[in-house]
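Order of the sequence lines fixes the chain letters, A, B, ..., with proteins taken first and strands second; residue numbering starts at 1 for each chain.
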Number of protein chains: 2
Amino acid sequence: MERFGEYIRKLRVEKGLNQTQLAAKIGLDSGGLSKIETGKKDLKEDKISLLAEVFEVSIEEIKTQYFSEKFAKDCFKYKCPETVFQLAEQKVKYIKNINTKQAQIKF
Amino acid sequence: MERFGEYIRKLRVEKGLNQTQLAAKIGLDSGGLSKIETGKKDLKEDKISLLAEVFEVSIEEIKTQYFSEKFAKDCFKYKCPETVFQLAEQKVKYIKNINTKQAQIKF
DNA sequence: ATATACTTGGTTATTTTTGACAAATTTAAA
DNA sequence: TTTAAATTTGTCAAAAATAACCAAGTATAT
């Protein structure tokens with residue numbers, strides 16, 4: 001199992017970049033990137049697409065890593081039952097469903 | 001499938017409270033509670049235990065409803081793959097595991 | 001019509017995140 | 001070791017996101 005920061009660091013090193021170089025590409029300084037790689041700070045969502053470009057991986061892949069980390073941290077922090085993820089998945093389906101129906105009604 | 005706001009409203013009505021009454025018990029005004037019930041605003045985490053008391057349900061139950069809603073909303077909003085929840089669940093286990101090991105080392 | 005409950009919008013306050021900078025630490029090389 | 005490069009860490013101000021507050025609006029029921 002790999003944390004988000006480790007994942008980013010792995011890709012960065014694979015690309016032969018140091019923190020200062022990658023940081024510049026995504027609008028951060030090296031200190032900020034360091035904190036992200038070591039899990040001391042969270043990346044802002046709007047950096048996700050930049051990372052996908054730089055690393056040449058899909059946005060979906062980055063999002064999966066990014067949000068799974070976010071959800072897991074919250075779940076751990078607030079000691080919430082792990083069954084929460086089952087329900088969350090159902091809810092997303094429900095929301096999407098509702099949403100497409102409403103979109104249809106508009107015409 | 002039930003959204004968090006609907007869940008709260010259902011419990012509130014079951015207890016025979018109006019919004020003003022429940023809002024007072026958890027440190028909100030009626031407008032704020034209305035927004036929560038209709039999904040226009042999110043409840044702050046620190047209200048969870050108060051709700052559990054008032055409604056006489058377990059904190060785990062409320063947390064499950066609360067965080068599944070939160071995660072699902074984020075997932076929908078950012079269009080992230082639903083597989084994110086699988087990974088999130090694994091990560092929580094991993095984090096917990098790491099954490100207990102580190103706790104042990106301290107002595 | 002009046003009263004009660006609920007919704008909504010706008011404004012301010014508060015809290016949380018973020019980004020920038022600088023100092024300190026680590027790592028590697030000469 | 002000394003030097004240089006890379007990374008980590010702490011602090012602080014700016015920015016963004018949240019929440020509280022209040023008033024006006026709508027709906028519902030008596």
Atom pair distance, as rounded to whole Å: CG in B:L28 and C1' in C:dA5: 16 Å

A:L43 CG - C:dT18 C1' separation (whole Å): 11 Å

Sugar-phosphate, base or nothing in reach of B:K41, heavy atoms under 4.0 Å: sugar-phosphate

Expected output: side-chain A:T38 to main-chain A:S34 donor-acceptor under 3.5 Å: yes

Phosphate OP1/OP2 of C:dC6: any B:S34 side-chain N/O under 4.0 Å: no

Presence of B:K40 side-chain N/O under 4.0 Å of C:dT8 phosphate oxygens OP1/OP2: yes

Touch class at under 4.0 angstrom, heavy-atom based, for B:T38 against every strand present: sugar-phosphate

Under-4.0 Å side-chain N/O to phosphate OP1/OP2 contact, B:R12 with C:dA5: no

Integer-rounded Å distance: C:dC6 C1' and B:L22 CG: 13 Å

Between C:dA5 (C1') and B:L33 (CG): distance, integer Å: 12 Å

Under-4.0 Å side-chain N/O to phosphate OP1/OP2 contact, A:K35 with C:dT17: no

Integer-rounded Å distance: C:dA23 P and A:D29 CG: 15 Å

Test side chain to side chain contact (heavy atoms under 4.5 Å, CB included) applied to B:K70 and A:D74, step by step: CA-CA 10 Å; B:K70 188 173 179 181; A:D74 262 14; 3.4 Å; yes

For B:Y7, the option from B:E61, B:Q65, B:R12, B:E69 that meets side chain to side chain donor-acceptor pair (under 3.5 Å): B:E61

Donor/acceptor link under 3.5 angstrom from A:K44 side chain onto base of C:dG19: no

B:D29: partners by salt bridge (charged side-chain N to carboxylate O under 4.0 Å, His left out), with sequence neighbours left out: none

Donor-acceptor under 3.5 Å (B:T64 side chain, B:E60 main chain): yes

Length of the CG-C1' vector between A:D42 and C:dT16, whole Å: 12 Å

Whole-Å gap separating P (C:dT17) and CG (A:D46): 15 Å

Span of DNA chain D, from the first to the last nucleotide whose atoms fall under 4.0 Å of chain A heavy atoms: D:dA6 to D:dT11

Closest approach of A:A88 to B:A72 (non-hydrogen atoms, all atoms of both residues): O-CB, 3.6 Å

B:F71 and A:F85 aromatic ring geometry - parallel, tilted or perpendicular at 30°/60° bounds: parallel

Whole angstrom value for the distance that separates P of C:dA20 from CD of A:Q19: 16 Å

